[in-house]
Amino acid sequence: MRNRLEKQIKIPISWCDNHSQLNICGIFNLFMDLATEHGDEIGLGMDRLAQKGLFWVASKTKVKINSSPKMLDDVYTATWPEKPGRIRCNRYYYIKNNSIMLVEGKTEWVMVEAESGRPAKIDGAYPAELEHCSDVVCEEPFCRLSTNFDDCEELAEYTVCSTDIDVSQHMNNVAYIRAVLGCFSTNEIDAMNICEIDVSYRLQCYEGEKLSFRIKHEENCREIGIIKEDGTTACVMRFVGR
């Protein structure tokens with residue numbers, strides 16, 4: 001069974017920023033769409049897992065942006081999962097222009113029981129005939145992100161709205177990134193010149209929840225914590241500039 005999805009696509013305007021380049025949310029949306037399509041191809045899609053009382057959760061994502069393609073550029077995209085561990089598995093992605101690596105990324109996925117919320121064994125869920133690809137991109141390890149933002153400046157307050165909610169009935173992974181980036185002006189985002197993003201998803205957020213975005217400033221780097229009303233950290237993201 002094919003264990004790799006490869007597609008040539010044209011970058012749509014709906015994924016582009018004010019410079020007509022593929023934006024960060026567009027990258028994350030593309031990778032999510034590729035993973036969903038390929039998961040369905042290999043029998044591990046959302047509908048199939050739902051019948052078994054299971055669903056996928058992304059726990060960590062790392063993305064490296066070497067160069068951003070422009071609107072209507074023809075690019076090559078691919079995704080594939082590595083051989084899974086007992087409860088975790090990395091999935092890799094890239095966007096290329098011919099042989100030039102433009103964007104590369106990986107996500108750590110966990111299979112979870114819908115009723116209990118506990119991780120399920122993932123290693124036996126993959127089809128036995130699936131040949132695992134050994135290719136690796138975005139080789140650096142996931143960044144270890146602190147969840148402590150107690151003494152940090154508040155960047156903004158945010159209420160989870162209906163357009164943030166996805167088929168799993170909680171805030172979509174990309175919605176966190178869109179909400180945080182929306183706190184910065186276009187000039188500020190240009191000045192950040194983001195080339196690497198790490199995201200750690202820890203707790204689910206639901207429609208109507210009030211969140212606090214808190215920020216740590218470091219040289220050429222910003223870390224943002226998304227904090228629930230009870231003080232727990234739902235998500236942490238790190239943006240590194242060139």
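In this structure the side chain of Glu209 never reaches within 4.5 angstrom of the side chain of Thr159, judged on heavy atoms. In this structure the side chain of Gln204 never reaches within 4.5 angstrom of the side chain of Met171, judged on heavy atoms. Looking only at side-chain heavy atoms (C-beta outward), Val199 and Phe28 come within less than 4.5 Å of each other. For the pair Ile224/Arg222, a side-chain contact is recorded, criterion being any heavy-atom separation below 4.5 Å from C-beta on. Between Glu37 and Lys7 the shortest side-chain heavy-atom distance falls below 4.5 Å. Contact annotation: the side chain of Asn173 approaches that of Tyr201 to within less than 4.5 Å [non-hydrogen atoms, C-beta and beyond]. Here the side chains of Leu5 and Trp80 are not in contact, with every heavy-atom distance at 4.5 Å or above. Contact of the His170 side chain with the Cys205 side chain is not registered, since no non-hydrogen atoms from C-beta on lie closer than 4.5 Å.
The line from CG of Leu145 to NZ of Lys216 is 8.5 Å long, rounded to the nearest 0.5 Å. Here CD1 of Ile177 is found 8.0 Å from CD1 of Ile24. Values are rounded to the nearest 0.5 Å. Rounding to the nearest 0.5 Å places NE2 of His132 at 11.5 Å from OG of Ser134. The CD1 atom of Ile189 sits 5.0 Å away from atom CG of Leu181, with the distance rounded to the nearest 0.5 Å. A distance of 13.0 Å separates CZ in Arg178 from SG in Cys183, rounded to the nearest 0.5 Å. To the nearest 0.5 angstrom, Ile215 atom CD1 is 5.0 Å from Leu155 atom CG.
The hydrophobic clustering, which links ILVMFWY residues whose side-chain heavy atoms are closer than 4.5 Å, places Val103 and Ile194 together. Hydrophobic clustering keeps Trp56 apart from Phe142 (ILVMFWY residues linked when any side-chain heavy atoms are closer than 4.5 Å, directly or through intermediates). Placement of Ile27 and Tyr92 in two distinct hydrophobic clusters is found when ILVMFWY residues are connected by side-chain heavy-atom separations under 4.5 Å, directly or transitively. The cluster map of Ile, Leu, Val, Met, Phe, Trp and Tyr, joined by side-chain heavy atoms under 4.5 Å apart, puts Phe184 and Phe149 in different clusters. Follow the hydrophobic side-chain contacts under 4.5 Å out from Met46 and you never reach Trp109; the two are in separate clusters.
Atom CD of Glu157 has 12 or fewer heavy atoms from other residues, nucleotides or ligands within 6.0 Å. Atom CE of Met101 is surrounded by more than 12 heavy atoms from other residues, nucleotides or ligands within 6.0 Å. Atom CZ of Arg202 sits in a sparse spot, with 12 or fewer heavy atoms from other residues, nucleotides or ligands closer than 6.0 Å. Residue Asp135 places its CG atom among more than 12 non-hydrogen atoms of other residues, nucleotides or ligands, all under 6.0 Å distant. Summarising the local packing, NZ of Lys70 is surrounded by more than 12 heavy atoms from other residues, nucleotides or ligands at distances under 6.0 Å.
Listed for the Asn97 side chain is no donor-acceptor partner under 3.5 Å among the backbone atoms of Ser99. Side-chain atoms of Asp164 come within 3.5 Å of backbone atoms of Cys161 as a donor-acceptor pair (strictly under, hydrogens ignored). A donor-acceptor pair is defined here as one N or O able to donate and one able to accept, closer than 3.5 Å; such a pair exists between the side chain of Glu82 and the backbone of Asn90.
Tyr176 approaches Leu203 most closely through the heavy-atom pair OH-O, 3.6 Å. Heavy atoms only, all atoms of each residue included: Cys143 and Asp198 are closest at N-OD1, 3.1 Å. The two residues Tyr76 and Asn98 make their nearest non-hydrogen contact at CD1-N, 3.8 Å. Shortest non-hydrogen contact noted between Leu34 and Ala78 is CD1-O, 4.3 Å. What you find for Glu104 and Cys138 is that their closest heavy atoms are OE1-N, 2.8 Å. Nearest heavy atom pair, residue Val174 against residue Cys25, reads CG1-O, 3.9 Å.
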Problem - Pair Glu6-Arg4, salt bridge (charged side-chain N to carboxylate O under 4.0 Å, His left out): steps then yes or no - result: CA-CA 6 Å; Glu6 297 177 331; Arg4 188 184 183 101; 2.8 Å; yes

Practice task
Go through Leu102 and Lys96 one step at a time and tell me if the side chain to side chain contact (heavy atoms under 4.5 Å, CB included) criterion holds.
Solution key: CA-CA 5 Å; Leu102 302 178; Lys96 286 185 177 182; 5.7 Å; no

Practice task
Test side chain to side chain donor-acceptor pair (under 3.5 Å) on Asn187 and Ser185 and set out the steps.
Solution key: CA-CA 5 Å; Asn187 288 338; Ser185 69; 5.2 Å; no

Handout entry: Audit row: Arg88, Ser59, side chain to side chain contact (heavy atoms under 4.5 Å, CB included) steps and yes/no
Key = CA-CA 9 Å; Arg88 300 178 189 275; Ser59 60; 3.9 Å; yes

Exercise for the section: Take Asp17 and Asn23 through the side chain to side chain donor-acceptor pair (under 3.5 Å) test and state the conclusion after the steps. Expected result: CA-CA 5 Å; Asp17 61 16; Asn23 63 33; over 6 Å; no

Practice task
Determine, stepwise, if the pair Val112 / Arg118 fulfils side chain to side chain contact (heavy atoms under 4.5 Å, CB included).
Solution key: CA-CA 5 Å; Val112 173; Arg118 296 175 180 172; 5.9 Å; no

Exercise for the section: Any chance you could lay out the side chain to side chain contact (heavy atoms under 4.5 Å, CB included) test for Val63 and Phe31, step after step, and finish with the verdict? Expected result: CA-CA 10 Å; Val63 170; Phe31 288 170; 4.1 Å; yes

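Between Glu140 and Lys64, at least one side-chain N (NZ, or NE/NH1/NH2) sits under 4.0 Å from a carboxylate O, which counts as a salt bridge. Ionic pairing of Glu196 and Lys62 is present here: one or more N-O contacts between side-chain nitrogen and carboxylate oxygen are shorter than 4.0 angstrom.
Through side-chain heavy atoms spaced under 4.5 Å, either directly or across other Ile, Leu, Val, Met, Phe, Trp or Tyr residues, Met71 is tied to Ile13, Leu72.
Side chain to side chain, Ser168 and Asp166 meet the donor-acceptor criterion of an N or O pair below 3.5 Å.
When each of Thr79, Thr107, Thr61 is checked for a side chain to side chain donor-acceptor pair (under 3.5 Å) with Arg91, only Thr79 meets the rule.
Taking the centre and axis of the six-membered ring of Tyr93, the NZ or CZ atom of Lys106 falls outside the cone set by 45° and 6.0 Å.
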Could you pull out every donor-acceptor pair under 3.5 Å between side chains of residues 229-242 and any protein atom, sequence neighbours left out?
unit_1 : atom_1 : unit_2 : atom_2 : d
Asp230 : OD1    : Thr232 : N      : 3.0
Asp230 : OD1    : Thr232 : OG1    : 2.6
Thr233 : OG1    : Thr147 : O      : 2.8
Arg242 : NH2    : Ile65  : O      : 2.4
Arg242 : NH2    : Asn66  : O      : 3.0

